[in-house]
Visitor: 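Can you read through this structure? Questions will come right after.
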Amino acid sequence: MKKQTIRDIDWQGKRALVRVDFNVPLDDQQQITDDTRITAAVPTIQYLLDHGASVVLMSHLGRPKNKVVDKLRLDPVARRLGDLLSREVKKVGETTGAEAEQAAQSLQSGDVLLLENTRFDAREEKNDDSMAQELAKLGDVYVNDAFGAAHRAHASTEGVAKHLPAVAGLLLEKELEYIGGAIEDPQRPFVTVIGGAKISDKIGVIENLLGKVDALLIGGGMANTFLLAQGHKVGDSLVEQESVDVAKDLLQKAADRNVKLLLPVDVVLADAFDNNANTQIVAADAVPDGWRILDIGPESVEQYSAVIKDAKTVIWNGPMGVFEMPKFAEGTRAIAQAMADSAATTIIGGGDSVAAVEQMHLADRMSHISTGGGASLELLEGKELPGVAALKDQ
Ligand code: ADP
Ligand code: MG
């Protein structure tokens, strides 16, 4: 990795100001329903504590829309983190200001302090430099470990890095090594599986990857627009008429570059968007009127699985069908299984794709599950993330 990390700093007696992604789901009692994001930040925090630092943590949570929302305070997060670290995590009720400064200054080596939700402050999302400067007063060195927020140029993710020595945390490093590494220097064959609802969300990803992959396997709702571009009828399926020309162009580019681009050869049809709908499996060029495509079919699964089996690197973004409904989850499940069984380096990016793999209990059989949906997409599009660009070069 081309950026300095926490391993490049002598932490003894220093205060680390660490941006983490503690944007966890809460129920209506403010109980944390999934603490994956907190656990994912523990290695960096533990490393800093083990090396003699004190730690000041900052994160956003939810969408408070630039004002204090009591239900989005980070106190439940502080308690859960304290349990995970087996030590006290102090918490202040503001993100910057006199109380936060006082609390940060009184930290001893080994102490942990959590600041209040960064998005309570209207200056955060504007990347206002006055907020960045106030944050910078709270630490000696800035650490970005919030991969899930690294595609945003906010005061706590990018602005603050201008005012302190700034390095990557271990989670951010791991995400960049897996996703960035796969894109820049993949073990071949390099295969990408792309799905999800809309082609328009992923055009940038497909364009960028067409120049890098050996094979592109397409499923999900977006495949419908490609089928239309090939002149097939897709009945009542989700399509983006305005993207048909883009799909044609992508098919042409794939052909020109000798990239194997696979579209579903068969599909699961339903007569309504409903798990209790009537279903049938037909060839992808034989979709009757009045039916809609909600999953890829078994023949497609077989073809895609064979490509995945022979791959050395596989990146997957976007479910193959409406996996939230059991009747249309089989394509997604089978592709997840093929990846789990493959000897390739397997990487899952995208919020819904990660949810699908977890739902199928296959997460621990993948090489890497990304903690950032939006950020992983931007990496796949070949973009530099502002929260990474701002860090010190090696
Ligand atoms: P990710 O979050 O992994 O990037 P997306 O957000 O792009 O994935 O897409 C996920 C959504 O796509 C899921 O909610 C799924 O139901 C939907 N989807 C997949 N296939 C179809 C389809 N054939 N028709 C309609 N929606 C689909
Ligand atoms: Mg999604």
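Both counts, for ligands and for their atoms, begin at 1 and track the order of listing. If you're wondering where the values come from, they're calculated on a predicted model, not measured in any experiment. As a basis for the values below, the full set of heavy atoms in this structure was taken, side chains included, without hydrogen atoms, waters or symmetry mates.
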Visitor: With a 4.0 Å cut-off on N to O distance, would you call Asp214 and Lys260 a salt bridge?
Guide: no
Visitor: Should one rank Pro319, Gly331, Gly321 by closest heavy-atom distance to atom 18 (N) of ligand 1, which comes out on top?
Guide: Gly321
Visitor: Please state which protein non-hydrogen atom is closest to atom 26 (N) of ligand 1 and give its distance, to 0.1 Å?
Guide: Val322 CG2, 3.6 Å
Visitor: Please report the number of protein N, O or S atoms that lie less than 2.8 Å from the Mg ion (ligand 2).
Guide: 1
Visitor: Taking the basic N atoms (NZ, or NE/NH1/NH2) and the acidic carboxylate oxygens, is any pair closer than 4.0 Å for Asp274 and Lys327?
Guide: no
Visitor: Which of the atoms of ligand 1 are close to Leu238, meaning less than 4.0 Å from one of its heavy atoms?
Guide: 25 (C)
Visitor: Starting from atom 3 (O) of ligand 1, locate the nearest protein heavy atom and write down its residue, its atom name and how far away it is, to 0.1 Å.
Guide: Ser353 OG, 2.4 Å
Visitor: How about Leu385 and Glu378: do any of their side-chain heavy atoms sit closer than 4.5 Å?
Guide: yes
Visitor: Can you see whether Glu175 engages Ser376 through a side-chain donor-acceptor pair at a distance of less than 3.5 angstrom?
Guide: no
Visitor: Does one side chain, of Glu158 or Asn127, offer a donor that lies under 3.5 Å from an acceptor on the other?
Guide: yes
Visitor: Applying a strict 4.0 Å limit to heavy atoms, is Lys202 in contact with ligand 1?
Guide: yes
Visitor: Using a strict cut-off of less than 4.0 Å between a Lys/Arg side-chain nitrogen and an Asp/Glu carboxylate oxygen, indicate whether Glu134 and Lys137 qualify as a salt bridge.
Guide: no
Visitor: Side chain, backbone, both or neither: which applies to Glu324 and ligand 1 if a contact is any heavy-atom pair less than 4.0 Å apart?
Guide: side chain
Visitor: Between the main-chain N or O of His232 and the side-chain N or O of Asp285, is there a donor-acceptor pair closer than 3.5 Å?
Guide: no
Visitor: My understanding is that only residues two or more places apart in sequence, or in another chain, count here; which of them pass ring pair (Phe, Tyr, Trp, His ring centres under 6.0 Å) with Tyr178?
Guide: His368
Visitor: Got a salt bridge between Glu173 and Arg7, using NZ or NE/NH1/NH2 to carboxylate O under 4.0 Å?
Guide: yes
